[in-house]
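For clarity, every value in this text was computed on a predicted model and none was experimentally measured. Numbers restart at 1 for each chain; the letters A, B, ... are given by sequence-line order, proteins then strands.
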There are 2 protein chains.
Amino acid sequence: MARMVAERSDAIASLAEVFREHGYEGASLAVIGKATGLGKGSLYHFFPNGKEEMVRAVLAEIEQWFEDSVYSPLRDGDNANAAITTMLDETAKYFRSGRRVCLVGALAVANTRDLFAQAIRGYFLAWVDALQAALVRQGRDAKQARLLSEDAVLAIQGAIVLSRALDDPAVFQRAIDQLHARLAFNGKTLNDNASGNGLL
Amino acid sequence: MARMVAERSDAIASLAEVFREHGYEGASLAVIGKATGLGKGSLYHFFPNGKEEMVRAVLAEIEQWFEDSVYSPLRDGDNANAAITTMLDETAKYFRSGRRVCLVGALAVANTRDLFAQAIRGYFLAWVDALQAALVRQGRDAKQARLLSEDAVLAIQGAIVLSRALDDPAVFQRAIDQLHARLAFNGKTLNDNASGNGLL
DNA sequence: GCGCTACTGTACCGATCAGTAAAGACTTTA
DNA sequence: TAAAGTCTTTACTGATCGGTACAGTAGCGC
C-alpha cells in the first residue's frame with residue numbers, strides 16, 4: 001500500500017492549516033494524522049524529527065510563498081505602487097480577511113517562539129525590508145520608509161488579532177483599505193496624500 | 001497546613017503570567033502548580049472547574065485593571081488628551097514594551113478563542129469604545145473617531161507581535177510614539193497635525 | 001479543649017501524549 | 001522474477017495530561 005500520498009510536499013498544506021488552527025502544542029499527532037490522512041508511521045517517515053520538523057517545513061513553504069508572491073515584486077517590480085497594491089490584496093486574500101490566522105505571528109506570540117526564532121524573525125524582517133525597498137523606490141526617505149513599512153506589517157498582524165477578537169472581518173478589511181491609502185504615492189505631496197484620506 | 005496562600009486572588013497574578021508565557025494548552029497543571037506554589041488539591045479547591053475557570057478569573061482581573069486604569073479615564077476623564085496619553089503610557093508599561101504578551105490577544109488567535117469568545121470580545125470592544133469616546137470629546141467626528149480608535153488598538157496588538165518576532169522592544173516603542181502623535185489633538189487642524197509627524 | 005470549615009498533599013484514574021519498532025504491502029529496478 | 005527501496009499499518013512504550021478522591025492538618029469560633 002505505497003504511494004498514496006507519495007509526496008512529502010502534499011502533506012504540507014494540510015499541516016499548515018492544522019498548526020494555524022490548533023497551534024504548535026494543540027496540534028497533537030492524532031489531530032495531524034486525521035488532517036493529513038497519514039498515520040504516525042508515515043508522518044515520522046517524512047518528518048523524522050516529528051512536529052518540530054513539520055513546522056519548519058511549513059514555515060519554509062510559507063516563506064517561499066511570500067517571497068514569490070509578495071517580497072520579490074516589492075523589491076524588484078518595475079512599478080512600486082503596483083507591487084504595494086498587489087501585496088495588500090494578496091495578503092488580504094491569503095489571510096482570508098482575518099478569518100485565517102498568521103502562523104508566524106501566532107508562533108511569535110506563543111512560548112514556542114524561541115524554538116523557531118530565526119524563521120520567525122526572517123519572515124518579518126524580509127517583509128519589512130521588501131516593503132521599505134518599494135517605498136524608497138516611490139521616492140521616499142529611507143528612514144521614513146522604514147518606519148512606515150514597520151507600521152504596515154504591524155497593522156496587518158494587529159488587524160488579524162482584532163478582527164478575530166471581534167469576530168468581524170470588516171475590521172481587517174478596513175485596516176487593509178487604510179494601508180492602501182497610507183502606502184500609496186499618488187504623485188502629489190505627502191501632505192496632500194495625508195489630508196486626502198481624512199484619517200491622518 | 002492551611003492558609004499558606006489563603007486567598008484565591010493571591011494566585012491570579014501568577015496564573016496570568018503562566019498563561020501568558022505558556023498559552024492555554026501549554027500551561028499544564030504541573031507548570032501551573034510550580035508557578036503558583038499550589039498543589040492540585042488547592043488549585044481545584046479555588047478553581048473547581050480547572051484551567052478554564054482559572055483563565056476566566058485571570059481575564060476578569062485583566063478586564064478590571066484596564067477598566068480602572070485605562071477605559072474609565074478615557075470615557076469619563078475631564079481631559080481627553082491627558083487620558084489618551086495616560087492610556088498609551090500605561091499600556092506600554094503594562095506590556096513591558098512588547099516583551100510581555102497580551103493574553104487576550106493571544107487567546108483570540110489560538111484555537112481557544114471560541115471558549116472565551118465573549119470575554120475576548122468584551123475586552124477589545126470596551127477598549128475601542130472608550131478610546132472612541134475620548135476622541136469624540138476631542139471634537140472629532142464620531143465615525144472618524146471609531147476608525148481611529150480601532151486603528152490604535154490594532155496597532156498596539158500588532159506592535160506586540162512584531163516586536164516579539166523581531167526581538168526588538170524598540171519596534172513597540174516606536175509604535176506607541178507614533179500613536180501619541182496620531183491620537184493627540186493639538187488644537188490646530190487635523191491636517192496640520194498630520195503633516196507635523198512626517199509619517200503617512 | 002472541641003468541632004467546624006478551609007485548605008493542602010498524595011495517590012490514583014483513564015486518556016492521551018510523542019515517539020519507536022517492526023512487519024507488511026506496493027513500486028521500482030534489474 | 002527477484003531483490004531493493006519506499007511507504008503504511010499496527011502495536012507498543014513510558015511519560016504526562018486533566019481531573020478526582022480523600023485523608024489529613026491548620027486555624028477559628030465556641
For this session: For side-chain hydrogen bond (donor to acceptor under 3.5 Å, both in side chains), just list the numbers for B/Q178 and B/R174, CA-CA rounded to whole Å, side-chain angles, deciding distance to a tenth of an Å, and then say yes or no.
Result: CA-CA 6 Å; B/Q178 193 181 149; B/R174 277 198 288 272; over 6 Å; no

Exercise. Whole Å only: how far is the OH atom of B/Y44 from the C1' atom of D/dT20?
Worked result: 9 Å

Problem set entry | Counterpart residues, side chain to side chain contact (heavy atoms under 4.5 Å, CB included), relative to A/D76 (two or more places apart) | A/S72

Seminar exercise, completed: A/M54 atom CE is separated from C/dG19 atom C1', nearest whole Å, by 10 Å

Problem set entry | Interatomic distance, A/E52 CD vs C/dC17 P [rounded to whole Å] | 19 Å

Name every donor-acceptor pair, under 3.5 Å, that has one atom in a side chain of residues 98-106 of chain A and the other anywhere in the protein, sequence neighbours excluded.
unit_1	atom_1	unit_2	atom_2	d
A/R99	NE	A/R96	O	3.4
A/R100	NH1	A/Y94	O	3.0
A/R100	NH2	A/E17	OE1	3.0

Anything under 3.5 Å between a protein N or O and an N or O of nucleotides 11-17 of chain D, put it in a table, one pair a line.
unit_1	atom_1	unit_2	atom_2	d
D/dC17	OP1	B/S28	OG	3.0

Problem set entry | Test side chain to side chain contact (heavy atoms under 4.5 Å, CB included) applied to A/N111 - qualifying residues, sequence neighbours left out | A/E25, B/H22

For this session: Could you check whether B/G50 gets within reach of a base, just the sugar-phosphate, or nothing at all, counting any heavy atom under 4.0 Å?
Result: sugar-phosphate

For this session: Using atom CD of A/E7 as one end and atom P of D/dT8 as the other, report the distance to the nearest whole Å.
Result: 11 Å

Exercise. Which whole-number value in Å describes the distance from A/I32 CD1 to C/dT16 C1'?
Worked result: 14 Å

For this session: Apply side chain to side chain contact (heavy atoms under 4.5 Å, CB included) to A/A35 and list each qualifying residue two or more places apart in sequence or on a separate chain.
Result: A/V18

Exercise. Which whole-number value in Å describes the distance from B/E53 CD to D/dG19 P?
Worked result: 11 Å

Problem set entry | Atom-pair distance (NE2 on B/H45; C1' on D/dA23), nearest Å | 16 Å

Exercise. From C/dG19, D/dT8, C/dC7, pick the nucleotide closest to the side chain of B/F46?
Worked result: C/dC7

For this session: May I have the distance from B/L43 (atom CG) to D/dA21 (atom C1'), rounded to whole angstrom?
Result: 16 Å

Problem set entry | Non-neighbouring partners of A/S28 that pass side chain to side chain contact (heavy atoms under 4.5 Å, CB included), sequence neighbours left out | A/A30, A/V31

